[in-house]
Amino acid sequence: MNEQVRPVMLEQAAQMAKRPRQPLLSRRYALEIRQQLAWHWQAAIIGLALLLGLGISAAILIAAGVPAGELLNEFVILTVFDAQSLKAVLFQAAPMILVGLAGCMAFRAKFWNLGLEGQMIWGAIGATAISLFEIGPQALRLPLMLAAAIICGLLWALAPALLKLRLKVNEIISTLMLNYLAINFLLHLLYGSWKDPKSSFPYSPQFQPFERLPELFDGISAAVPLAVVVALLALWFLGISRAGLYLRFVDASPRVAGAVGVPVQKMIIGTVLISGAMAGIAGFLITAGQEGRLTQSFYQGYGFSGILIAFLARNNPVAALVVALLMAMLFVAGRSLQVFYQIPFSMVQLIQAILVICVASSDFFIRHRIRRVQGGES
């Protein structure tokens, strides 16, 4: 059989070799949807997209005046291998982990929660109200502030969830608009009745020492283990619990999930409430940990960072922890660049946007492939 097939194959190969090469511009290609792509190929495509984004970012920083030889030093060596900088990264990563997981939670339920900043603001307002009105004994003041932050954050997330499920209002619009309501109410408080009476500046009076998150060991703030505990609970919820299994059905197809008996509306509302509660805790960590009072700009950048973390992690909570740490490194290194090279902080936000665009573009190659069409095919 092989002796009969081999001459035919050789003849076909000779005919193809004689066929003139088709000019590049006249070649035809077809765009096809991939049925499935192995996870390691997906990781490779996303990795190449991140490398491209980092390369573009490095070129922009070099053009802005940062020496090329200092980029690795600033972003890796001085950030990770310096003890003080590493503490700053962990301190910055604590609220970022929470807003990133808050985004992952809501996005898993097919609810595009772009109101993370508003939920952070209300969480911080709730915690500050406990401090200003001196609710509860001193020993319970911090737990009460945490509880108030959780309640205020989830209640602010409840409104757009009900608007979507009851009135079919697009949650992208409602959550974004509620951000502006929260921001203006925050300004109303800080320029009004909550203004610091000692300095008359638009921020709240400073928290008492027992109302601030303490340092536990070696200068590590209590915000870090608190964020880790919340992250472990989120991992349990998404990965092990029955609700997490239901959420996978909702993420795959809400209609099919409802047809097989999954309580889709309850899952969406419950998950969105958890998302809002996490964002509220993030607001509490910043006000009671980093700032020590309620300020008018404490939330800036965190909402976009949470969406970015969830997007880069592809709604995977484990990956969200890693991405949050990398984002915290970027923030800390960006502040160092501000001091030593007069690089504006908007450059850090530009780098974030470049990474988002590159990863979003990689999704096209994960879902599609380009196939060359032979001359005789239609």
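We number each residue from 1, following the sequence as shown. As a basis for the values below, the full set of heavy atoms in this structure was taken, side chains included, without hydrogen atoms, waters or symmetry mates.
In terms of modelled atom types and a separation under 3.5 Å, the side chain of Gln92 and the main chain of Val89 share no donor-acceptor contact. In this structure a side-chain-to-backbone donor-acceptor pair under 3.5 Å is present from His368 to Phe364. Between the side chain of Arg212 and the backbone N or O of Phe207 there is no donor-acceptor pair closer than 3.5 Å. Judged purely by atom type and a 3.5 angstrom limit, Arg293 uses its side chain to pair as donor or acceptor with the backbone of Ser204. Looking at Glu171, its side chain never comes within 3.5 Å of a backbone N or O of Lys164 through a donor-acceptor pair. A donor-acceptor pair under 3.5 Å links the side-chain atoms of Ser275 to the main chain of Ala102, judged by distance alone. The closest donor-acceptor contact from the side chain of Gln119 to the backbone of Gly115 lies under 3.5 Å. A distance-only check finds no donor-acceptor pair linking the side chain of Asp251 to the backbone of Leu247 [under 3.5 Å]. Side-chain atoms of Ser241 come within 3.5 Å of backbone N or O of Gly244 as a donor-acceptor pair. Using a distance-only test at 3.5 Å, with no hydrogens or angles considered, no donor-acceptor pair links the side chain of Asn113 to the main chain of Ala106.
By the 6.0 Å contact criterion, CZ on Phe304 is enclosed, its count of non-hydrogen atoms from other residues, nucleotides or ligands being greater than 12. Within a 6.0 Å sphere centred on CZ of Phe210, heavy atoms belonging to other residues, nucleotides or ligands number more than 12.
Side-chain contact between Ile274 and Leu154 is absent, with no heavy-atom pair separated by less than 4.5 Å. Taking the side chain as every heavy atom from C-beta outward, Leu61 and Leu337 approach each other to under 4.5 Å. When side chains are defined from C-beta on, Trp122 does not count as touching Leu155, because their heavy atoms never get closer than 4.5 Å. In this structure the side chain of Leu178 reaches within 4.5 angstrom of the side chain of Trp156, judged on heavy atoms. Between Ser305 and Phe331 there is a side-chain heavy-atom pair separated by less than 4.5 Å. Looking at Leu158 and Ile269, their side chains come closer than 4.5 Å, going by heavy atoms from C-beta outward.
Taken to the nearest 0.5 Å, the OH atom of Tyr302 stands 11.0 Å off from the CG atom of Leu98. Here the straight-line distance linking atom CZ of Phe284 with atom CD1 of Ile125 works out to 15.5 Å at 0.5 Å rounding.
Taking each heavy atom of Arg248 and Leu238 in turn, the nearest pair found is NH2-O, 3.8 Å. Here the closest non-hydrogen pair linking Phe298 and Gly283 is CE1-CA, 4.1 Å. Nearest approach of Leu190 to Thr295, heavy atoms of both residues: CD1-C, 3.4 Å. The shortest non-hydrogen separation linking Ala243 to Met267 is O-CE, 3.2 Å. Considering every non-hydrogen atom in both Gly103 and Ala310, the closest pair reads C-CB, 3.8 Å. Shortest non-hydrogen contact noted between Ser57 and Ile351 is OG-CG2, 3.5 Å.
Among Leu189, Ile183, Leu187, the one residue that satisfies the side chain to side chain contact (heavy atoms under 4.5 Å, CB included) test with Phe185 is Leu189.
When the side chains of ILVMFWY residues are joined at heavy-atom separations under 4.5 Å, either directly or via intervening members, Phe91 and Leu325 end up in two distinct hydrophobic clusters.
A donor-acceptor contact closer than 3.5 angstrom is absent between the side chains of Ser221 and Glu215.
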